[in-house]
Structure formats: C-alpha cells, structure tokens
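For reference, the structure is listed below as structure tokens.
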Amino acid sequence: MKQFTLVIIACFGLFLMQPAHSTLEIVITEGTDSARPVAVVPFHWFGEGESPYDFTEVVSADLLRSGRFKPVALSELPGLPSSDADITDYSAWARLGVEAVLVGTVDEFAPGRYEVTYQVIDPLRGQITGGLSSYLQDEDLAFEQDHILDSRTSVVLDTQFRQYAHRISDVVYEALTGERGAFLTRIAYVFVDPDADLPYQLMVADYDGENERVLLRSPQPIMSPSWSPDGSQLAYVSFENRRAEIFTQDIYTTQREKLTSFPGINGSPAWSPDGKKMAMVLSKDGAPDIYVMDLESKRLQKITNHWRIDTEPSWTPDSNTLVFTSERGGRPQLYRVDLDTAKVRRLTFNGEANLGGTVSPDGRSLVVVNQTNGRFHIARQDFPTGNFQELTQTSLDESPSVAPNGSMIIYSTTYQNRQVLALVSMDGRFQARLPSREGQVKSPAWSPFL
Amino acid sequence: MQHKTVMKGVILSASMLFLAACSSTSDESTVDERRSAEAGSQQSIGSGATESERRRGVETGAADRVLTPEEERAQAREERQQRYADLRQEQTLYFDFDDASIRGEFAELLAAHADYLTRNPSVTVVIEGHTDERGTPEYNIALGERRAKSVVDYLQSLGVSSRQMSVVSYGEERPVVRQSNERAWAQNRRAILVY
C-alpha cells in the first residue's frame with residue numbers, strides 16, 4: 001500500500017507542486033487504490049508555440065484529490081485525441097479500464113481571451129454504439145451521441161484560467177458521480193507563526209491551497225472562522241482586545257463588524273444556512289450556553305441553559321435545529337435542540353466523549369471528534385441508522401469541516417509536533433495531509449459553493 | 001619561586017570564593033536561621049575577644065532580647081509579608097488533565113495573592129485560563145474559563161472582592177510549550193494571574 005502511494009505521489013508530484021507563495025500543499029497518504037481510473041488527455045492548442053495554460057494539469061490534480069478518481073499516466077494512453085471525432089477505436093480506451101475520457105482544445109479568440117472546448121466521453125458506451133446510437137422517434141430512426149456525457153465551449157479570460165480549470169473538474173465530477181463537484185470552493189483557516197510580530201493570521205485559500213490571502217493579522221489569537229452561506233463573509237473570534245469577541249468580515253471589501261463583546265466567552269460563531277442568524281456561545285450569565293442572534297435586529301435568544309459546558313453549535317440544513325456539544329451527561333457528548341420547542345435530545349454514545357459535531361449538507365450524517373481510549377479521531381454517525389464509523393488514524397484530530405457537496409472532510413491534526421490540515425473522504429477511504437512549510441495551521445472551514 | 005606566590009594567590013582567592021559562596025547560601029536561608037546565625041556570631045565575639053579585652057581579664061556577653069508580644073506579631077507579620085511578596089513573584093498555577101480544581105500545592109500561592117489584593121482594594125487582576133491541546137478548541141475555551149473561574153472562587157473565599165477580578169480564557173490557543181507530549185501538556189494546563 002505504502003509503495004503504491006509513493007508511486008502515485010511520484011507520478012503526480014508534478015501536479016501537486018505549488019508556487020513558492022502558497023503555504024499548503026497536498027500529500028495523499030491513503031485511498032488511491034479504491035479510486036476509479038479516468039483518462040485526462042492534454043487539450044490540443046491550435047496556436048503557435050506552447051499552450052497558454054495547462055488546464056488538464058489542474059483537472060487531473062482535482063480529480064485525484066477528490067479521492068474518487070485516478071487519472072491514468074499519459075504514457076499509457078492509446079492516443080492523444082482532441083475531440084470525440086478523433087477517437088476511432090473506443091475499445092482501446094475501454095480496455096484501459098477508464099470510466100471516462102476528457103478531451104479538449106484551446107484556441108486564441110482575441111488577445112487575452114481563449115476559446116476552450118471539451119467533451120467528457122464514456123468509452124464503454126462508445127464501444128457499444130460505435131459513436132452513434134439510434135432509436136425510434138415518431139416512427140423515424142433518430143441518432144444521438146449518448147456516449148458523450150457532457151460537451152461545452154466557453155471563452156475564457158487568461159486571468160481566469162485556473163478558475164475555469166476547476167469548473168471543468170466540476171463538470172467531469174458531476175457527469176461521473178451525479179453529484180456536484182466542490183473544486184470551486186475555498187477554505188478559511190488560522191495560521192500561527194510563533195516567531196512573527198503578528199503571529200496569528202486568518203487566511204483564505206482555494207480548496208487546493210492556491211491563491212492564499214491574509215484577511216487579518218493579529219498579536220493575539222484568532223479562532224473559529226465560519227462562512228456566511230453566500231461565501232462572501234467570515235465570522236470569527238478575535239482576542240485582539242485581550243478578550244474574546246465575535247467579528248464578521250467581508251472577505252472582498254475587508255469591512256469588519258464587531259458582533260459581540262460580552263463578559264466571558266464569545267465563541268464558536270456559526271452562520272445559519274438561511275443567512276439570517278448566528279449561533280454562538282456566550283458565558284455572560286455564568287456557564288457557557290448556546291445563543292442565537294438575529295443578524296438584522298441583533299436580538300439574542302438563549303437556546304440552552306445548563307450549569308455545565310454547552311458549546312460548538314452547528315446548524316442542520318433546514319435552519320430549525322442545532323447540534324451542540326454538552327457536558328450535561330458527565331462527559332462531552334453531542335445533543336440536538338429543536339429551536340421551536342427547545343427540546344433537547346442526546347445523539348452520541350460511542351467512546352468516552354464526542355465533540356465538535358458538524359452536520360453534513362444533506363443532513364443525513366453527523367461528523368464528530370470522537371474520543372476513545374484518550375485518542376481523538378474524526379468519526380461519522382449516520383441518521384437515522386446510528387451507524388458509527390471512525391474515519392481517521394491521525395493524532396489529536398479536531399475542527400472537522402465538511403465540503404459543500406458532502407464528499408470530503410477537512411480537519412486539523414498534529415503531525416511531527418505541528419498542527420497541520422488534513423483531508424478525509426466521507427467514507428474514510430481517501431486521506432491526505434496538507435503540510436505547511438512553517439508554523440501551525442488550524443481551525444479549517446470549508447466554504448459553501450461559490 | 002614566583003610560581004609559588006602565584007599558586008598561593010590562586011588558592012587564597014579560591015578559598016575566598018568558597019567563603020563567599022557559603023555566605024550567599026546563608027542569604028537564601030530563612031529569617032529564623034539568619035537570626036540564630038547572628039546570635040552565634042555574637043557569642044563568637046565573646047570567646048574570640050580582642051587583645052586589649054583579654055589583657056584586662058574581662059569578658060562581656062549578651063542575652064537574647066525578649067520581644068514583646070506586639071513586636072513578635074509585627075515580626076511574624078513582616079516575615080509573612082516577605083514570604084508572600086516572594087510567592088507573588090509566582091503567578092502561574094497548574095492543573096490536572098480535563099480538571100479545574102485547585103491543587104493543594106498552590107494554596108499558599110493563592111493566599112499570598114489574596115492577601116495582597118485584600119490589602120490593596122484598588123488593584124485589579126486578570127485571571128487567564130489555559131489548556132493543553134487535547135480536545136477541541138471550543139471545548140478548551142470553556143475548560144480554560146472553568147479553570148480561571150475556580151481561581152476566582154478560591155480568591156473570593158479568601159476575601160478578595162469580585163470587582164477586583166476578571167477572567168479571560170485562551171483555551172489551547174496560547175501554549176507555553178508548543179509540543180505534543182505529557183511534559184508540554186502539563187506546562188500548558190495553567191491559570192495565570194496578570195496584574
């Protein structure tokens with residue numbers, strides 16, 4: 001297994017290399033053996049010299065990182081077609097075992113603008129129909145190319161090549177899985193460089209670690225970034241005034257607003273899926289309790305009231321229920337509270353404790369930090385079956401955040417005495433590390449679809 | 001020949017260093033020890049009297065002074081103040097894993113701070129709560145606050161006004177030792193009194 005992983009890393013090392021400015025890179029550690037092979041053929045460039053951008057490099061890396069697919073090495077491909085019309089023998093591609101073939105072309109449209117055309121082809125279907133399937137329609141014989149799963153043409157600005165490459169990945173992923181791709185998403189996280197003047201930094205980067213930007217640098221800790229459902233704002237906790245306070249910040253305009261500054265804990269902000277409310281933890285009345293603030297009126301509603309710790313609120317997709325961590329049963333466990341009836345029900349029972357719960361976008365599973373035998377791992381519990389599965393084997397795992405398509409979890413873990421981010425697929429098969437060259441990286445939050 | 005004098009010099013200065021070292025250790029000894037040492041030196045003056053005194057054949061001695069109860073109390077108070085001042089230099093107390101109860105070994109440390117705060121009601125203190133990295137950051141913020149609050153409760157029981165104290169929990173965000181082992185964790189599970 002390990003050897004196999006190494007080979008894969010070597011093969012795709014090219015794709016995974018990042019320019020020097022980015023802090024994160026991705027090392028896949030587990031799960032490439034269960035991925036399905038696909039063929040990603042470099043797009044044909046009609047112009048002179050080198051192609052202005054290598055779209056398929058980005059697409060291959062995206063598909064590999066999804067944990068679902070394994071792009072076949074270029075040397076194994078039976079040819080380098082640029083469109084379906086170039087493929088004469090579908091069986092050669094079918095024999096390769098690939099589920100799909102991505103082909104395409106790039107042509108100069110105007111200065112700085114390029115026309116990109118691509119097709120996603122199912123070689124097995126192509127083998128059966130010979131590239132043209134016939135059926136009867138109104139007693140006439142009609143033909144269609146149903147082996148072409150998707151086909152698109154766009155004019156792309158040269159400044160948006162990378163973004164467009166992620167869009168292609170989304171199309172391929174959706175054509176093959178029936179589920180929306182999450183390649184055009186971002187992650188927010190906290191970077192800590194203890195030696196820097198301003199050691200605590202709130203960062204935003206593309207989901208793959210590219211285009212990293214600093215949103216806030218501070219001499220004091222920053223915690224708990226949470227995305228607004230439209231992906232334009234972050235809520236977070238900052239200790240810049242030597243106390244915990246909740247802020248919101250527009251990630252494009254840098255405009256900030258201080259939301260709360262009560263005595264004691266102001267923590268764990270979580271934007272409701274409808275964007276109207278913010279769940280949070282306040283300890284102004286003594287013990288930490290869950291509150292919901294109406295963002296327009298700023299009115300606070302106390303949701304839980306218990307003398308022991310209640311924290312880590314997470315919304316269900318319908319905005320009617322919160323899942324939270326509570327010590328009311330002795331050790332921290334997850335509970336859910338109905339916001340209309342205030343009824344509380346315990347959800348988790350496995351191991352010594354369960355914390356940091358987050359509900360998957362389809363509302364069908366709960367991702368938690370499970371403590372068993374003193375070790376902290378990411379686990380998934382399904383509704384309503386109660387099926388419980390431990391997903392990670394890394395150490396001191398915390399802060400799980402689920403991709404908006406529910407395919408992947410990003411979390412914080414400790415590797416070689418440093419906090420790093422890591423990825424695990426929802427079924428636990430695919431695992432990767434995102435090591436940072438320096439400092440500590442923590443509190444990841446996966447953005448909604450952008 | 002010159003060699004020998006140099007050697008003598010070295011030995012002399014070495015022994016002086018040794019003496020200096022001895023006397024410096026007695027500086028660190030408690031006040032009680034210092035007092036008995038002083039008494040001892042008085043006696044030695046008696047026995048090792050000067051040449052002129054010996055010629056006259058008279059020796060003088062001194063008895064220990066008897067302190068009035070008031071003086072005794074004042075002295076004890078002074079000693080305690082000194083000890084408390086020393087203790088107050090220490091502002092950090094440590095906790096067991098996932099626990100916020102004050103360990104017995106920190107009782108005197110907190111007594112020293114309480115004494116200072118009750119005698120100086122205008123002084124305020126911020127009590128910071130910290131945790132090790134195990135558990136989630138949000139839970140650790142709550143645990144850090146519980147630690148800081150248990151220090152507040154303890155100081156309040158010693159007569160410190162709640163108006164003088166405020167609490168901030170940094171959870172696992174500001175470790176003193178950025179490592180993942182028992183030793184580092186033990187040093188990071190702490191509360192700090194910040195004046």
Side-chain angles (χ1 to χ4, degrees), chain A residues 190 192 194 199-200 220-224 237 239 241-244 263-268 270 281 283 286-289 308-313 324-327 331-332 352-357 368-369 371 374-376 395-400 412 414-419 439-440 442-443, chain B residues 96-101 124-153 156 162-189 191-195:
Chain A
V190 175
V192 185
Y200 300 91
Q220 296 296 331
I222 301 168
M223 291 180 71
S224 323
V237 175
F239 285 80
N241 299 315
R242 290 275 178 169
R243 56 193 298 178
I265 295 170
N266 293 257
S268 212
V281 174
S283 64
D289 279 311
R308 299 198 69 169
I309 294 170
D310 289 340
T311 186
E312 299 175 329
F324 65 100
T325 307
S326 179
E327 261 190 335
R331 299 282 301 141
E352 292 138 24
N354 291 281
L355 311 88
V368 302
V369 179
Q371 186 190 353
R375 293 172 193 282
F376 294 89
S395 61
L396 293 170
D397 304 338
E398 59 189 26
S399 308
S412 162
T414 301
Y415 179 69
Q416 293 176 344
N417 258 335
R418 294 204 321 197
Q419 270 195 302
Q440 319 268 335
K442 56 197 293 183
S443 301
Chain B
D96 291 338
F97 174 58
D98 208 358
D99 195 289
S101 45
T124 59
V125 63
V126 178
I127 293 137
E128 291 182 5
H130 299 266
T131 70
D132 67 30
E133 61 181 339
R134 289 174 291 174
T136 61
E138 310 296 348
Y139 178 77
N140 281 333
I141 282 289
L143 178 59
E145 186 176 80
R146 183 183 285 169
R147 282 179 182 155
K149 279 184 172 168
S150 81
V151 173
V152 167
D153 288 347
Q156 228 168 341
S162 60
R163 284 192 305 277
Q164 287 175 271
M165 298 181 281
S166 62
V167 156
V168 57
S169 170
Y170 287 100
E172 62 176 86
E173 308 302 316
R174 281 176 49 185
V176 267
V177 184
R178 287 188 184 272
Q179 277 175 17
S180 300
N181 55 57
E182 288 292 344
R183 262 188 67 143
W185 291 333
Q187 285 171 273
N188 290 336
R189 290 191 299 264
I192 309 173
L193 292 97
V194 183
Y195 286 97

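Every chain is numbered from 1 and lettered A, B, ... according to where its sequence line falls, protein lines coming before strand lines. Here the structure is a predicted model, which is why all the values come from computation and not from measurement.
If you take CZ on A/Arg308 and OG on A/Ser326, they are separated by 8.5 Å, rounding to the nearest 0.5 Å.
Looking only at heavy-atom pairs under 4.5 Å with chain B, the residue among A/Ser268, A/Gly356, A/Ser443 that has the most is A/Ser268. Ranked by heavy-atom pairs under 4.5 Å with chain B, the first of A/Pro263, A/Ser399, A/Pro194 is A/Pro194. Counting heavy-atom pairs closer than 4.5 Å to chain B, the top residue among A/Asp397, A/Ile265, A/Thr325 is A/Ile265. Taking chain A as the reference chain and counting heavy-atom pairs below 4.5 Å, the highest number among B/Ala142, B/Ser166, B/Ala148 is found for B/Ala142.
For a residue to count as touching a neighbouring chain, one of its non-hydrogen atoms must lie under 4.5 Å from one of that chain's; by this rule A/Thr414 touches chain B with the side chain only. Heavy-atom distances place the side chain of B/Glu145, and not its backbone, under 4.5 Å from chain A. Only the side chain of A/Arg331 comes within contact range of chain B, with at least one heavy atom under 4.5 Å from a heavy atom of that chain. For B/Arg178, the parts lying under 4.5 angstrom from a heavy atom of chain A are both the backbone and the side chain. Neither the backbone nor the side chain of A/Val281 comes within contact range of chain B; no heavy atoms are under 4.5 Å apart. Interface remark: B/Asp98 contributes side-chain atoms only to the contact with chain A (heavy atom separation under 4.5 Å). Of the two parts of A/Leu396, only the side chain, counted from C-beta on, holds a non-hydrogen atom closer than 4.5 Å to a non-hydrogen atom of chain B. With a threshold of 4.5 angstrom between heavy atoms, A/Arg242 approaches chain B through its backbone and through its side chain. Of the two parts of A/Ser283, the backbone and the side chain both hold a non-hydrogen atom closer than 4.5 Å to a non-hydrogen atom of chain B.
Between B/Ile141 and A/Thr311 there is no side-chain heavy-atom pair separated by less than 4.5 Å. For the pair B/Ser162 and B/Val152, the minimum side-chain heavy-atom distance is 4.5 Å or more. Between A/Ser224 and B/Glu138 the shortest side-chain heavy-atom distance falls below 4.5 Å.
Between A/Glu327 and B/Arg146, at least one side-chain nitrogen of the basic residue sits less than 4.0 Å from a carboxylate oxygen of the acidic one, meeting the salt-bridge criterion.
The backbone N or O of B/Asp99 lies less than 3.5 Å from a partner atom in the side chain of B/Arg147, making a donor-acceptor pair. Using a distance-only test at 3.5 Å, with no hydrogens or angles considered, a donor-acceptor pair links the side chain of B/Asn181 to the main chain of B/Ala184. Judged by distance alone, with hydrogens and angles left aside, the side-chain atoms of A/Glu352 form a donor-acceptor pair with the main-chain N or O of A/Gly374 at under 3.5 Å.
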